[in-house]
Number of protein chains: 2
Amino acid sequence: MPTGDELVEVLATLANPHRLRVVAALARERNYVSRLARELGISRALLQVHLRKLQAAGLVSAQMELSEDGKAMKFYEVTPFSIQLTPEAVAAAVLTLTTPEIVQRDGGEESPI
Amino acid sequence: MPTGDELVEVLATLANPHRLRVVAALARERNYVSRLARELGISRALLQVHLRKLQAAGLVSAQMELSEDGKAMKFYEVTPFSIQLTPEAVAAAVLTLTTPEIVQRDGGEESPI
DNA sequence: GTTACATGCTAACTTTTCTTTGCAGGGGCA
DNA sequence: TGCCCCTGCAAAGAAAAGTTAGCATGTAAC
């Protein structure tokens with residue numbers, strides 16, 4: 001189970017139509033950047049940004065490979081993941097959130113600025 | 001199961017520490033706005049914005065109630081939800097995504113602007 | 001050499017989201 | 001009446017995210 005911060009990152013990463021489509025496409029088959037961009041109908045630059053974010057969240061992985069004709073190609077594939085979203089799971093994740101401002105309360109006093 | 005757009009909305013809504021805490025707090029007990037704001041250590045105005053977003057995503061519900069001393073209080077509570085996040089689920093959700101750009105047109109009406 | 005296809009990066013702009021600040025009304029109670 | 005607690009909303013500024021455009025590199029083929 002992911003920590004609170006990791007959960008936020010994963011959710012933020014998946015909360016985007018482009019990245020959702022990337023995950024869906026890579027779930028069907030691994031692919032390299034240029035081809036994936038053509039299939040999705042978006043620019044390569046844009047796709048690369050989204051791929052970087054997906055990789056940062058641990059949702060996809062990449063490896064460089066050389067094609068038969070010697071071209072360097074970067075193949076991406078999905079990292080298997082399974083996250084159950086329920087109010088209880090959220091409550092559990094919140095406990096591991098690193099938040100500069102709020103801590104546990106029980107005294108009922110007001111919070112300092 | 002939510003549509004692709006609904007999934008994006010739910011994920012975007014939950015991808016925020018404040019809202020995650022709100023869900024966690026309401027999962028423990030229903031609460032009214034002012035008290036919840038005090039417990040979370042955030043301003044009422046900020047909390048209201050997040051509550052509105054949570055409600056728009058269908059994650060919480062609200063009902064106005066009158067306290068014993070006649071004050072109007074808005075109680076919020078979590079809507080039970082359960083979303084399984086896997087590459088396959090994402091692939092399924094993508095099929096129902098409405099995309100402004102890839103929309104199929106047949107030349108019936110003209111588009112404004 | 002030129003064309004085609006692969007990679008990468010970043011600066012700059014646009015858009016969206018987040019947060020604060022300020023104002024509004026209503027009720028209870030000393 | 002003045003004070004405290006409850007609600008609500010919107011403008012405006014600050015911060016983050018999304019997107020485009022441009023340039024640079026390398027290999028293969030004509």
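In this text, all values refer to a predicted model and were calculated from it rather than measured experimentally. The chains referred to below are lettered A, B, ... by the order of the sequence lines, with proteins before strands, and numbering in each begins at 1.
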Backbone of B:Thr13 reached by a side-chain donor or acceptor of B:Arg19 within 3.5 Å: yes
Nearest-0.5 Å distance, CG of residue A:Leu11 to CG of residue B:Asn16: 10.5 Å
Side-chain donor-acceptor pairs under 3.5 Å in residues 35-48 of chain A, sequence neighbours left out?
unit_1, atom_1, unit_2, atom_2, d
A:Arg35, NE, A:Asn31, OD1, 3.2
A:Arg35, NH1, A:Glu39, OE2, 3.0
A:Glu39, OE1, A:Asn31, ND2, 3.4
A:Ser43, OG, A:Leu46, N, 3.1

Nearest-Å distance for atom pair CZ/P, residues A:Arg38 and C:dA4: 14 Å
Linked, directly or transitively: B:Leu54 and B:Met73 (ILVMFWY side chains, under 4.5 Å): no
Nucleotides bounding contact with chain B, strand DNA chain D, heavy-atom threshold 4.0 Å: D:dC5 to D:dC9
Test side chain to side chain contact (heavy atoms under 4.5 Å, CB included) applied to A:Glu65 - qualifying residues, sequence neighbours left out: A:Arg30, A:Gln63, A:Phe75
Distance, rounded to the nearest Å, where A:Leu66 contributes CG and C:dT7 contributes C1': 12 Å
Co-membership, hydrophobic cluster, residues B:Val78 and B:Val49, 4.5 Å side-chain: no
Side chain to side chain contact (heavy atoms under 4.5 Å, CB included) involving A:Val8 - partner list, sequence neighbours excluded: A:Leu97, B:Pro17, B:Leu20
Sugar-phosphate only, base, or nothing, as touched by A:Arg35 at under 4.0 Å among non-hydrogen atoms: nothing
First of A:Met64 and B:Lys71 reached from the 5' end of DNA chain C, by closest nucleotide: A:Met64
OP1 or OP2 of C:dT17 under 4.0 Å from side-chain N/O of B:Asn16: no
Short side-chain N/O contact to C:dG8 OP1/OP2 from A:Lys74, under 4.0 Å: yes
Phosphate OP1/OP2 of C:dT19 contacted by B:Arg44 side-chain N/O (<4.0 Å): no
Sequence neighbours excluded - salt bridge (Lys or Arg N to Asp or Glu O under 4.0 Å) pairs with any residue from residues 79-93 of chain A: none
Spacing of A:Glu77 atom CD and A:Leu26 atom CG [to the nearest 0.5 Å]: 8.5 Å
Sub-4.0 Å heavy-atom contacts from residues 45-55 of chain A onto DNA chain C, ordered by number: A:Gln48, A:Arg52
Whole-Å distance separating the CZ atom of A:Phe75 from the C1' atom of C:dG8: 17 Å
Pairwise 5' ranking along DNA chain D for A:Asp69 and A:Arg19, keeping only the more 5' one: A:Arg19
Value in whole Å for how far the P atom of C:dT16 lies from NE2 of A:His18: 13 Å
